[in-house]
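Read the structure below first, then the notes.
Both ligands and their constituent atoms are indexed starting at 1 by order of listing.
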Amino acid sequence: MSAMLPSGASLYDRVRRVIPLIEWPTFSDDIDAILGLKRQRNAVILAHNYQTPEIFHCVADIVGDSLALARKAMAVEADVIVLAGVHFMAETAKLLNPEKTVLIPDLKAGCSLADSITAADVRLLRQRYPGVPVVTYVNTSVEVKAESDICCTSGNAKAVVESLGVARVIMLPDEYLAQNIAAQTDVEIIAWKGHCEVHERFTPADIRQLREDHPGVTVLAHPECPPDVVAEADFSGSTAAMSDYVGSQKPPRVVLMTECSMSDNVSVEHPDVEFIRPCNLCPHMKRITLANIRAALERNRHEVTIEPEIAGRARLAVERMLSV
Ligand code: 13P
Ligand code: SF4
């Protein structure tokens with residue numbers, strides 16, 4: 001097969017291990033347009049680790065886990081931020097950059113965890129457990145964050161819980177993350193019943209089968225997985241921690257129990273590591289495409305706005321997290 005490399009061919013070199021050459025022409029026009037629009041509008045693209053490789057490796061300026069995206073959002077100097085990720089991530093970027101235009105390319109890019117709890121639920125929990133601080137995972141709406149004492153991500157949850165210096169906390173909404181953190185700390189954790197629809201589907205039987213089929217495989221599991229899955233894994237950590245583990249430990253064979261694009265994105269940097277790729281797709285993350293990122297920059301859509309009073313309270317919870 002001989003396919004003509006379009007302009008942006010050097011970008012193709014970055015992703016050649018995960019995007020077949022025959023597919024590249026379907027991406028290159030949008031990539032060229034997005035690179036031009038970013039310059040025109042003084043815009044940056046923040047992309048989560050679950051974005052597809054043509055977004056993650058070819059148009060994003062800042063990539064990372066939820067914690068890194070929040071931290072790096074604070075230092076952005078551009079006029080416009082496009083969040084290639086899900087809605088709560090765009091809200092967090094807006095909270096930290098109230099003066100900037102923050103765009104999410106598809107308003108329906110939600111999250112099953114964020115949908116599992118409302119601000120009214122948090123107020124009821126406070127009535128039920130008076131005086132117990134509320135630690136809220138960033139995978140929540142801005143209204144829920146506004147009812148919280150402090151936020152956390154999968155990358156800093158244990159440190160945040162222990163930073164409060166109390167014997168008991170409410171940690172919401174991810175039941176499994178709460179249970180996985182409870183296993184690592186003496187702080188008593190009251191959990192909510194939310195689950196990530198991607199990670200809740202992994203089972204310990206999956207891991208046993210993988211070990212049987214791929215001897216010597218190192219299993220990394222995200223802490224949104226059920227505790228019995230995390231218990232059978234070799235390592236558990238945020239998406240950034242998993243990526244760092246592959247970089248520092250260089251396991252010959254690895255499986256990432258998480259969203260599908262993670263392995264694609266990490267494997268680009270580690271040609272010597274064999275990635276076994278059972279994975280679950282996040283339908284919300286996959287709503288973001290090159291085409292709607294381009295449309296976001298061309299038509300200034302969809303702009304994230306937050307009611308100032310709610311923003312003020314939610315920002316405090318995020319800033320407290322960032323100071324831990
Ligand atoms: P992290 O990248 O912070 O580990 O979060 C994973 C996730 O599911 C985000 O929606
Ligand atoms: Fe939400 Fe899970 Fe998708 Fe992350 S992977 S956005 S936690 S549904």
Side-chain angles (χ1 to χ4, degrees), residues 46-52 55-56 60 62-73 83-93 96 104-117 135-142 144-145 151-160 171-181 191-202 220-226 229-230 233 235-247 256-266 278-288 318 321-322 324:
L46 270 58
H48 185 261
N49 289 330
Y50 294 160
Q51 292 297 295
T52 47
I55 296 174
F56 188 92
I62 294 172
V63 295
D65 66 357
S66 311
L67 182 59
L69 293 184
R71 276 197 199 291
K72 291 177 187 168
L83 204 302
V86 291
H87 195 260
F88 73 80
M89 295 176 176
E91 282 186 334
T92 305
L96 298 170
I104 176 99
D106 186 330
L107 279 172
K108 292 202 190 108
C111 170
S112 65
L113 282 167
D115 287 346
S116 72
I117 190 157
V135 178
T136 292
Y137 198 28
V138 286
N139 299 40
T140 44
S141 68
V142 76
V144 166
K145 289 185 178 75
C151 286
C152 73
T153 72
S154 59
N156 63 10
K158 180 170 180 270
V160 166
M171 190 173 171
L172 49 88
D174 189 340
E175 182 181 27
Y176 297 149
L177 178 69
Q179 290 171 345
N180 287 323
I181 298 302
W192 185 251
K193 286 266 181 222
H195 298 138
C196 162
E197 68 189 85
V198 174
H199 293 95
E200 70 176 349
R201 284 155 56 201
F202 292 111
L220 313 187
H222 193 276
E224 290 169 10
C225 292
V229 170
V230 168
F235 173 82
S236 176
S238 76
T239 55
M242 285 196 263
S243 176
D244 291 348
Y245 183 101
V246 174
L256 310 182
M257 310 295 282
T258 190
E259 211 275 341
C260 300
S261 291
M262 257 306 278
S263 292
D264 290 341
N265 291 332
V266 180
C279 60
N280 293 326
L281 212 73
C282 175
H284 312 290
M285 289 281 179
K286 264 52 229 190
R287 282 188 172 273
I288 309 302
V318 174
M321 166 185 88
L322 292 174
V324 168

query = By number and element, which atoms of ligand 1 are closer than 4.0 Å to a non-hydrogen atom of His48?
reply = 1 (P), 2 (O), 5 (O), 6 (C), 9 (C)

inquiry  = Test your reading of the model: is there a side-chain donor-acceptor pair from Lys145 to the backbone of Thr136, 3.5 Å cut-off?
reply    = no

task = Using a strict cut-off of 4.0 Å, indicate which atoms of ligand 2 neighbour a heavy atom of Tyr50.
result = 5 (S)

key: Any N or O of Asn49 closer than 3.5 Å to N or O of ligand 1   = no

request  = Answer with yes or no whether Thr153 contacts ligand 1, where contact means a heavy atom under 4.0 Å from a ligand atom.
outcome  = no

ask   = Heavy atoms, side chains only, cut-off 4.5 Å: are Thr140 and Pro173 in contact?
value = yes

task = Show which atoms of ligand 1 fall inside a sub-4.0 Å distance from at least one heavy-atom site of Glu224.
result = 6 (C), 7 (C), 8 (O)

remark   = Shortest non-hydrogen pair, Ala240 vs Asp65, comes out as CB-OD2, 3.2 Å

request  = Measure Glu259 to ligand 2 on non-hydrogen atoms and call it side chain, backbone, both or neither using the 4.0 Å cut-off.
outcome  = neither

inquiry  = Give me the atom names and distance for the closest heavy-atom approach of Phe202 to Cys225.
reply    = CD1-SG, 3.9 Å

task = Could you tell me whether the side chains of Thr258 and Tyr50 share a donor-acceptor contact shorter than 3.5 Å?
result = yes

query = For Glu259, is the nearest heavy atom under 4.0 Å from an atom of ligand 1?
reply = no

key: Subset of ligand 1 atoms that lie under 4.0 Å from at least one heavy atom of His222   = 1 (P), 4 (O), 5 (O), 6 (C)

task = Indicate, as side chain, backbone, both or neither, the part of Cys111 found under 4.0 angstrom from ligand 2 when only non-hydrogen atoms are considered.
result = both

query = With atoms numbered from 1 as shown, which atoms in ligand 2 lie under 4.0 angstrom from a non-hydrogen atom of Leu113?
reply = 7 (S)

task = Considering the heavy atoms of Asp65, write down every atom of ligand 1 situated less than 4.0 Å from one of them.
result = 1 (P), 2 (O), 3 (O)

ask   = Is Ser154 near ligand 1, meaning one of its heavy atoms is under 4.0 Å from it?
value = yes

inquiry  = Suppose we measure from atom 10 (O) of ligand 1 to each protein heavy atom; which comes out shortest, and what is that distance?
reply    = Asn139 ND2, 3.5 Å

remark   = Nearest heavy atom to atom 8 (S) of ligand 2, choosing from Ser116, Ala114, Ser154, Ser112, belongs to Ser112

ask   = Which ligand 2 atoms are under 4.0 Å away from a heavy-atom of Asn139?
value = 7 (S)

Asp174 side chain near Asn139 side chain, heavy-atom distance below 4.5 Å = no

note = In this structure, atom 5 (O) of ligand 1 is nearest to the protein heavy atom Ser66 OG, 3.4 Å

ask   = Of all the atoms in ligand 2, which lie at a distance below 4.0 Å from a heavy atom belonging to Glu224?
value = 2 (Fe), 7 (S)

remark   = Here the pair of heavy atoms bringing Glu224 nearest to His199 is OE1-ND1, 3.0 Å

task = Take the SG atom of Cys111, take the SG atom of Cys196, and say whether they are under 2.5 Å apart.
result = no

inquiry  = Which residue in the set Val86, Leu83, Asp106 passes side chain to side chain contact (heavy atoms under 4.5 Å, CB included) when paired with Ile288?
reply    = Asp106

query = Under a heavy-atom criterion of less than 4.0 Å, does Met89 contact ligand 1?
reply = yes

query = Less than 3.5 Å between some nitrogen or oxygen of Ser238 and one of ligand 1, yes or no?
reply = no

inquiry  = Is it true that Glu197 and His284 share a donor-acceptor pair across their side chains at a distance under 3.5 Å?
reply    = yes

Residue Cys196 vicinity, atoms of ligand 2 by number, heavy atom under 4.0 Å = 2 (Fe), 5 (S), 7 (S), 8 (S)

